[in-house]
Amino acid sequence: MATIVVSLATTLVAASSSRSFSSSLFFTRLRSSTALRVSFAVSPFCSRRDRFMAHTLAPDTLGLTLPANVEAPKISFAAKEIDVTEWKGDMLAVGVTEKDMSKDDNSKFENSLLRKLDSQLGGLLAEVSSEEDFTGKTGQSTVLRLPGLGSKRVVLIGLGQAASTTAAFRGLGEAVGAAAKAAQASDVAVALASSEGLSAESKLYTATAIASGTVLGLYEDNRYRSESKKPALKSVDILGLGTGPDLEKKLKQAEDVSSAVIFGRELVNSPANVLTPAVLAEEASKIASLYGDVFSATILNAEQCKELKMGSYLGVAAASANPPHFIHLHYTPPSGPAKVKLALVGKGLTFDSGGYNIKTGPGCSIELMKFDMGGSAAVLGAAKAIGLIKPPGVEVHFIVAACENMISGTGMRPGDIVTASNGKTIEVNNTDAEGRLTLADALVYACNQGVEKIVDLATLTGACVVALGPSIAGIFTPSDDLAKEVLAASEVSGEKLWRMPLEEGYWESMKSGVADMVNTGGRPGGAITAALFLKQFVDEKVQWMHIDMAGPVWNDKKRSATGFGISTLVEWVLKNSS
């Protein structure tokens, strides 16, 4: 490379206890035995000088852009067993299914909770829902402003034909957060019109999904705005879904994961002139520093990667003035030996121009290629949550080959042949198929850590978006057992995954006339051939899964990152620890 590189290889020790994390949780038992209150301090990761995404940027950052310090809102959650008609506050939100909205011949609600609430409101609820044609469909909502009554506003939020999944209840929470933000409500309560049929376990998952959804629905990344409005929401009461220590534990976990998702969103949202490979490496190092009792960090520079023969990764990085940083965080459980060793590997392209095969034309989305490090954000977000939760019995390696794919006289050209660290040679027939080249060396490195299972995540192919759309990630694995594990974790997290085939016959299109393989085949089955390429760099003894998250990494409507993958990864690690 034509750049001067400074070695950052180090193993970090425990941070001073005086350093605080950007999100904290305070549990306070209420005197009443029927309520549990939990406070979430949910803050962007730049709100103090020693926090994430703060003070790490050089003063000559391109464009002189720095993320602003944003004051952290604090949300207090309480689980209560009280009647909705007795609750008093700014806004009462009720999640309703289409069945809940059924009415009798007298236009009265058949659902007991809605009937009681409508009676208190003098029939206004039934009247307004009919006038506005509110039927409880997903995405529908209606608001009643009620000055002088216990609740200043009553909001009905549609859950569709039925609501039984984490995604549905998290969506309810997000709708509550958005409604509270729009109304500048300070005190909010959430209830389900029909909760009687839920088991005790289902109530736990439902309450925590609503809580985390509310946090994520309220959150807005304002670090790069000159002005922003502070959310007014201070407390949320969750009614009718139980109380007690089990719920307390679940709410604590929900807080940890929600803060990690926000961290991941902020990483992806940060522009490439701010989040360089060096800054991404420093963010990773901060995780190890803050949780030094369970984490160590190794950051390798270009020379050290060269010693490890990572020619595939270094070929991608060669054109950029910002040097590559290979990130390895290592989690060891706080007590007792690990029963299983896992690795999470994330694609870490902080910007992807396409290289000499530059992204051009309508739909190329080059302006959004800051999100090409979404896989690394998922991995580092999961690392943050694992540092907070500290699960026993599991060892986890978090690995990111961070770099940029740019254009210069030192850059990789179409037709070049690069050699990966396992000795396999790759003819580069498209420099815009660069993510798999960085992952190749990252996967070899992960296998060398002696792990039993690897999950890699990458915004890898547009072909997967064409196949599954913007909301579903494709998973590829030869292991049925690993597929069952990760799909079960996604059911709990509410993130959508779909298993795709690994059709070995498609490998024919990946053969080269001069090297072991090319880096991309034809357009048909592009997501499959990309996964087959990655498979060449995984030890056959290791269970491996590739997650192509090119679709769900970004929300086009909100023009913002989603934090996709973090919740599922954390749940998968926790299931392996039990």
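Note: hydrogens, waters and symmetry copies are ignored here, and every other heavy atom, side chains too, is used. Just so it is clear, the structure is predicted and the values come from calculations on it, not from any experiment.
Looking at heavy atoms from C-beta onward, I399 lies out of side-chain contact with L344 at the 4.5 angstrom threshold. A 4.5 Å side-chain heavy-atom check between L569 and I566 finds every atom pair outside the cut-off. F295 is not listed as a side-chain neighbour of H330, based on a closest heavy-atom distance of 4.5 Å or more. Using a 4.5 Å heavy-atom threshold, the side chains of V379 and V345 count as separate. Contact annotation: the side chain of P414 never approaches that of N430 to less than 4.5 Å [non-hydrogen atoms, C-beta and beyond]. When side chains are defined from C-beta on, H325 counts as touching P323, because their heavy atoms get closer than 4.5 Å. In this structure, Q543 and D481 have side chains that are in contact, with non-hydrogen atoms separated by less than 4.5 Å. In this structure, E282 and I299 have side chains that are not in contact, with every pair of non-hydrogen atoms separated by 4.5 Å or more.
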* Can you check side chain to side chain contact (heavy atoms under 4.5 Å, CB included) on Y331 and K390, steps first, answer last? -> CA-CA 9 Å; Y331 170 83; K390 296 179 173 59; 4.0 Å; yes
* To do: Show the numbers, then the answer: is there a side chain to side chain donor-acceptor pair (under 3.5 Å) between D441 and S421?
  => CA-CA 6 Å; D441 283 324; S421 47; 2.7 Å; yes
* Asked: After noting the C-alpha distance and the side-chain angles of F398 and L342, does the key distance pass the side chain to side chain contact (heavy atoms under 4.5 Å, CB included) rule?
  -> CA-CA 9 Å; F398 302 84; L342 311 176; over 6 Å; no
* Report the C-alpha distance between L482 and W572 in whole Å, list the side-chain angles of each, state the deciding distance to 0.1 Å, and finish with yes or no for side chain to side chain contact (heavy atoms under 4.5 Å, CB included). => CA-CA 10 Å; L482 184 56; W572 179 62; 3.6 Å; yes
* Could you give me the CA-CA distance, side-chain angles and deciding distance for F533 and H546, then say whether side chain to side chain contact (heavy atoms under 4.5 Å, CB included) is met? => CA-CA 11 Å; F533 177 90; H546 162 59; over 6 Å; no
* To do: Kindly indicate, with the supporting measurements, whether the criterion salt bridge (Lys or Arg N to Asp or Glu O under 4.0 Å) is fulfilled by K453 and E485.
  => CA-CA 11 Å; K453 304 174 187 178; E485 287 181 16; 2.8 Å; yes
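Between E504 and K535, at least one side-chain nitrogen of the basic residue sits less than 4.0 Å from a carboxylate oxygen of the acidic one, meeting the salt-bridge criterion. The pair K339-E395 does not count as a salt bridge, with every side-chain nitrogen at least 4.0 angstrom from each carboxylate oxygen. Between D432 and K359, at least one side-chain N (NZ, or NE/NH1/NH2) sits under 4.0 Å from a carboxylate O, which counts as a salt bridge. Classification of D256 and K384 as a salt-bridged pair fails, no side-chain N sitting under 4.0 Å from a carboxylate O. Ion pairing of E220 with K558 is absent here, as no side-chain N (NZ or NE/NH1/NH2) approaches a carboxylate O to less than 4.0 Å. With respect to D221 and R223, a salt bridge is recorded, a charged nitrogen being found less than 4.0 Å from a carboxylate O.
Taking each heavy atom of S353 and I366 in turn, the nearest pair found is O-CD1, 3.9 Å. The heavy-atom pair separating V570 from A382 by the smallest distance is CG2-CA, 3.9 Å. Across every non-hydrogen atom of C447 and V538, the tightest pair is SG-CA, 3.9 Å. Closest non-hydrogen pair, V268 versus G374, comes out as CG2-CA, 3.9 Å. Summarising the geometry of A561 relative to N269, their closest heavy-atom pair is N-OD1, 2.9 Å, with the distance given to 0.1 Å. The two residues A458 and L439 come nearest to each other via the heavy atoms CB-CD1, 3.7 Å.
Remark: Q536 CD is packed, more than 12 non-hydrogen atoms of other residues, nucleotides or ligands lying under 6.0 Å away. No more than 12 heavy atoms of other residues, nucleotides or ligands lie within 6.0 Å of CD in E540, so this atom counts as exposed by the packing criterion.
Expressed to the nearest 0.5 Å, how far CD1 of I547 lies from CH2 of W498 amounts to 15.5 Å. In this structure, F351 CZ and M406 CE are separated by 6.0 Å, a value rounded to the nearest 0.5 Å. Distance check: N357 CG to N429 CG gives 8.5 Å after rounding to the nearest 0.5 Å. Here the CD-CD1 distance, from Q449 to I454, works out to 9.5 Å after rounding to the nearest 0.5 Å. Atom-to-atom distance recorded for I472:CD1 and L497:CG is 9.0 Å, nearest 0.5 angstrom. Atom CG of residue D480 and atom CG of residue L487 lie 10.5 Å apart, to the nearest 0.5 angstrom.
When only modelled atom types and interatomic distance are considered, S270 and Y224 share a side-chain donor-acceptor pair under 3.5 Å. For the residue pair D516 and T425, a side-chain donor N or O sits within less than 3.5 Å of a side-chain acceptor on the partner. Using modelled atom types and a 3.5 Å distance limit, the side chains of S493 and S567 yield no donor-acceptor pair. Residues S408 and T410 have side chains that bring a donor and an acceptor to within less than 3.5 angstrom of each other.
Aromatic ring orientation, Y445 versus H328: perpendicular (interplanar angle above 60°, classes split at 30° and 60°).
Looking at R499, its side chain does come within 3.5 Å of a backbone N or O of T477 through a donor-acceptor pair. Looking at N301, its side chain does come within 3.5 Å of a backbone N or O of Q304 through a donor-acceptor pair. Between the side chain of Y313 and the backbone N or O of A402, at least one donor-acceptor pair lies under 3.5 Å.
Each of D372, D548, D456 was scored for a side-chain hydrogen bond (donor to acceptor under 3.5 Å, both in side chains) with K347, with one residue passing: D372.
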